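Just below is one structure, and these are the notes that go with it.
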Amino acid sequence: MKNTSSSSTLLLPRCTKPWEWGRILFPSLVSILTSMEYTSGAGVTSLAEYMSTRDVKRLEEGSKATVRGWVYRWRDLGKRVFIVVRDSEGILQLVASKGFTPEDVIEKARRASIESSIIAEGVVRRDRRAPGGVELRLTNLEIVGHAEDFPIKGGEGIDYLLDIRHLWIRSRKLTAMWRLRHKAFEIFREFFKKRGYWEVSPPMLTQAAVEGGATLFEVNFFGKKAYLTQSAQFYLEALIFSLERVWTLAPSFRAERSRTRRHLYEYWHLEAEAAWERMDGMMRLVEDLVAYTVGRLVETAHEELEVLGRNVEALEPSRKTPYPRITYEEAINILKRKGVKVEYGDDLGADEERILTEEFETPFFITHFPLELKSFYMKEDPQRPGHALAFDLLAPEGVGEIVGGSEREDNYEVLRKRIEERGYNVDDYQWYLDLRRYGSVPHSGFGLGVERFLMWVGGRDHIRDTIPFPRFRDRIYP
RNA sequence: GCCGGGGUAGCUCAGCUAGGUAGAGCGCCGGGCUGUUAACCCGGUGGUCGGGGGUUCAAGUCCCCUCCCCGGCGCCA
């Protein structure tokens, strides 16, 4: 017995019965067989037109309806069985009661364990006691996939839940977040299309760093060292020489061993770059993007925000632009006035950022950082030597930096000198320098951390709640 | 990389300061219940105390080594 279970843990952790192995090893075959069974039998499915739980709630009292989903709650009161079924649109209560529901259906309802997939047919009834005010009085029920004892019952710790993330993602709050995320992606695309930006596809595999640091994931590229990209910026810069205004939404990878609630090793990066654009214009684009997306999400995702428990009122001020702008120097002075021990030239750390966000109820810009605090490719402000034409956008409510952007250095010699000063290998950046040799143009761009943006809009205090399978803290399973 | 916290039942945790037969709640299993909302009531089930070594008559508890996890910092979006 010991041997059997230990050898099966490799591939089949929870499955000790030999007759169940086939289901795991040949899922597609089994699903074909079972789906044939469902459609050819005299079961519920053969006569049904399925509805979402959302659509059922719009039906008249007494209408017949058939829904498909998973058992979310289950209670047996003896002569009455309550099942709350969950689908991609929401939840709906099913009631099996003696005198109305056939005995064999009540028996099936008793066996419908939490997370079993079911097809249920019944009659619509409006009842205050039902969650959402509508329920289905069961007339027929089919258990499609019986669920073993589901490991999530409530009260589990984060560590355990992350081990079973593939099951945890079914939860209502996380599902609401995947829907919110989808809608945000849609709105981003809509925004850039309206603004005349071309969507482009930069590479994920690259030869060198954008920031030039040791924060990259190394990849063996047929014997050559390559890296997973940490930003599409350089490639977007190359593309503006034909398309002028470009944007992309793609993963970025950072190998820094960060241990905070707002870091991912793999995150989705919304980046844009525009020829002829100066820093001011780029900042206006960023605030328009953020305000537009927040506004559209408040309008179109109120149900998701409600499930997430988000106080939507707090987002209202952020629908209007312009957002406040302060310089780095002003930020330092604000911090000093509040008794924080900082000096001009210090980088703004997490504590400093949080204190600053308390000053504003909308996102706000910090601009004109000392040149040496920022990346080599950022242009020096001719009006204020020693300062970069760079901006960060910080989200309120303690979220902090969600956007970093700048006007780029467009002079070949200046850029080359900056690369050398930082001790980077000029050869690695030659193609990037070339862009300044053939019709260089003033240009600016930015990058927005999608998960951080969703943290703010969705009111989450941890970034893991904004992406289905977060890659952070050395977690790679599942 | 640094600072702090933790690993005991399927899950959440108490027990460790003061060494002496392993505890609670939830879950799970069985039974009951005609409106449950994380249902409730009764009964039952449950452990190589992360791993290794040491001290001791005796170690979850004390000492040493080691692995893993969590909160935060630095860095960033």
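Just so we're on the same page: letters track the sequence lines, and every chain starts at 1. The structure presented is a predicted model; accordingly, all values stated were derived computationally and were not measured.
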Problem set entry | Point-to-point distance, once rounded to the nearest 0.5 Å, from CZ of R464(A) to CD of E451(A) | 14.0 Å
For this session: Take the angle between the ring planes of F188(A) and F453(A) and call it parallel below 30°, perpendicular above 60°, tilted in between.
Result: tilted
For this session: Hunt down the Watson-Crick or G-U wobble partner of rA24(B), both distances under 3.5 Å, from any strand shown, or write none.
Result: rU12(B)
For this session: Look at all strands and tell whether G349(A) reaches a base, only sugar-phosphate, or nothing, counting heavy atoms closer than 4.0 Å.
Result: sugar-phosphate
Exercise. Just by distance, do the side chain of R418(A) and the backbone of M378(A) share a donor-acceptor pair under 3.5 Å?
Worked result: yes
For this session: Could you tell me whether the phosphate oxygens of rU34(B), OP1 or OP2, come under 4.0 Å of any side-chain nitrogen or oxygen in R129(A)?
Result: no
Exercise. Among rG71(B), rG27(B), rC76(B), which nucleotide sits nearest the side chain of K153(A)?
Worked result: rG27(B)
Exercise. How far does the P atom of rG50(B) sit from the matching atom of rC75(B), given to the nearest Å?
Worked result: 37 Å
Exercise. Ignoring hydrogens and angles, does a donor from either the side chain of T260(A) or the base of rG71(B) sit under 3.5 Å from an acceptor on the other?
Worked result: no
Exercise. Taking for each residue the nucleotide of RNA chain B with the nearest heavy atom, is it Q93(A) or G157(A) whose nucleotide lies nearer the 5' end?
Worked result: G157(A)
Problem set entry | Residue whose closest nucleotide on RNA chain B lies nearer the 5' end, H263(A) versus W74(A) | W74(A)
Exercise. Would you say H462(A) reaches rG71(B)'s phosphate, i.e. side-chain N/O to OP1/OP2 under 4.0 Å?
Worked result: yes
Exercise. Given rC73(B), rC33(B), rA77(B), which nucleotide is nearest the side-chain atoms of D76(A)?
Worked result: rC33(B)
Seminar exercise, completed: Taking rC69(B), rG71(B), rA77(B) as options, the one with an atom nearest any side-chain atom of R259(A) is rG71(B)
Seminar exercise, completed: Winner on side-chain proximity to A350(A), out of rA77(B), rC33(B), rC73(B), is rC73(B)
Exercise. Base, sugar-phosphate, or nothing: which does R125(A) touch, judged by heavy atoms less than 4.0 Å apart?
Worked result: base
Exercise. Quick one: which of rC11(B), rU36(B), rA77(B) gets closest to the side chain of R254(A)?
Worked result: rA77(B)
Exercise. Is a donor-acceptor pair below 3.5 Å formed from side chain R452(A) to base rC76(B), judging by atom type as modelled?
Worked result: yes
For this session: Choose from rC11(B), rA77(B), rC33(B) the nucleotide whose nearest atom is closest to any side-chain atom of I463(A).
Result: rA77(B)
For this session: Kindly say if K79(A) contacts the phosphate of rU34(B), meaning a side-chain N or O under 4.0 Å from OP1 or OP2.
Result: yes
